[in-house]
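Just so it is clear: chains get the letters A, B, ... in the order the sequence lines come, proteins before strands, and each one is counted from 1.
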Amino acid sequence: MAPVRIATWNVNSIKQRMPRFLPWLDERGPDVVCLQELKLDDLGFAGLLGAEIDQRGYQPAVHGEAQWNGVAILSRVGLEDVTTGIPDGPGFPDPEARAVSATCAGVRVHSLYVPNGRVPDSDHYRYKLAWLEKLRDQVAAGPREVVVCGDMNIAPADADVYDPAAYVGQTHVTGPEREALQRLLDVGLHDVVRDHWPDERIFSYWDYRAGMFHRDLGMRIDLVLAGDPVAERVKAAWVDRQARKGTGPSDHAPVIVDLDEAPDGDIGPVVPPPSNPLTRKGAVKLPQSRP
DNA sequence: ATGACGGGTGCAACCCGA
């Protein structure tokens, strides 16, 4: 099994993000891309991106929705057994397009957009918790060769928000949300970015307002959770902060994880991971954009 | 500063996001 690069990105409208998305795709060259917040239905997605991704060798699994939500997986290493939604997943009140899964290069890949929750103890918050329970059931029933990717809308720990005091009483950091995330992890998943950078300041989302990105005041809510056999193959795991810079960015940055070849595969040359490809200002030397 | 930005759409005295 060859090395595989997996990325996940909440693009906050794929239509608006096209000028950033295609150059990013060509520059980073992920083999599998999990997308969230397409804000487009399946037909709109096909019309907008079908030819562009086909000519780059990707197959799409899309679970779109007009106006809100919408998730997808693009893969150039195979795309089998696509499922949309979560079995018996709750709606608000009707099911929303927040989950799609497929098997790519032997790994079960989930692209997820977890409900926001809005206000603790609200109906939407209870929906979020119920949704996470059904997600856990789905992952528990699946293979150990799995990556659960996406906008989890939960900061796993206080270190994952810029100011824990500012978030007291807000969603994304409450006990029940973190416990629901922990129950998902307890199925046998690893938070691979945190595991590789246990003490770094790492965020994946920064509010558009008030210069939050440039002050590096954000949250780490976009996660890649890998089952044991996949976590053992992780050679690099980082937030692509470059994609949050410049003109017309999403308010989320992509998370990128490189898997080495599977243990039983052919052993090829091993490319060392970047020394510190992380989020700290000035710490990153990233490739330039294509001309 | 209970705001700021930037998506969406009924173009607003709108809704939603994290």
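- Taking atom CG of residue A:Leu48 and atom P of nucleotide B:dG7, one finds them 14 Å apart after rounding to whole Å.
- For the C1' atom pair drawn from B:dG6 and B:dC11, the interatomic distance equals 15 Å after rounding to whole Å.
- Whole-Å rounding puts the A:Arg244 CZ to B:dG7 P distance at 11 Å.
- Here A:Arg17 lies in heavy-atom contact (under 4.0 Å) with sugar-phosphate atoms only.
- Of the candidate nucleotides B:dA18, B:dG8, B:dC5, B:dG8 has the atom nearest to the side chain of A:Lys39.
- Using a cut-off of 4.0 Å between Lys/Arg side-chain N and Asp/Glu carboxylate O, A:Arg136 and A:Asp186 are scored as not salt-bridged.
- Projected onto DNA chain B by closest heavy-atom contact, A:Ser13 and A:Asp251 fall at different nucleotides, the more 5' of which corresponds to A:Ser13.
- Taking side-chain N and O atoms only, A:Arg118 has a distance below 4.0 Å to OP1 or OP2 of B:dG17.
- Within the nucleic acid shown, A:Gln170 has no heavy atom closer than 4.0 Å to any nucleic acid atom.
- A:Lys39 is listed as a side-chain neighbour of A:Asn12, based on a closest heavy-atom distance under 4.5 Å.
- The interatomic distance linking A:His252 (NE2) with B:dG7 (C1') rounds to 11 Å, in whole Å.
- Distance, A:Arg209 CZ to B:dG6 P: 10 Å, rounded to whole Å.
- Contact annotation: A:Gln67 side-chain N/O to B:dC16 OP1/OP2 distance is not under 4.0 Å.
- As judged by a 4.0 angstrom heavy-atom cut-off over every strand, A:Tyr162 is placed among residues making no nucleic acid contact.
- Atom name C1', nucleotides B:dA1 and B:dC15: the rounded distance is 22 Å, in whole Å.
- In this structure, the side chains of A:Trp24 and A:Pro30 come closer than 4.5 Å at one or more pairs of heavy atoms.
- Within the 4.0 Å cut-off from OP1 or OP2 of B:dA18, at least one side-chain nitrogen or oxygen of A:Asn10 is found.
- For the pair A:Asn153 and B:dA18, the criterion of a side-chain N or O lying under 4.0 Å from OP1 or OP2 is met.
- A salt bridge links A:Asp258 to A:Arg5: one of the charged nitrogens lies within less than 4.0 Å of a carboxylate oxygen.
- No donor-acceptor contact under 3.5 Å links the side chain of A:Asp207 to the base of B:dA18.
- In this structure B:dA13 sits in no base pair that meets the Watson-Crick or G-U test at under 3.5 Å.
- Ion pairing between a basic and an acidic side chain is recognised when a charged N comes within 4.0 Å of a carboxylate O; A:Arg126 and A:Asp123 show such pairing.
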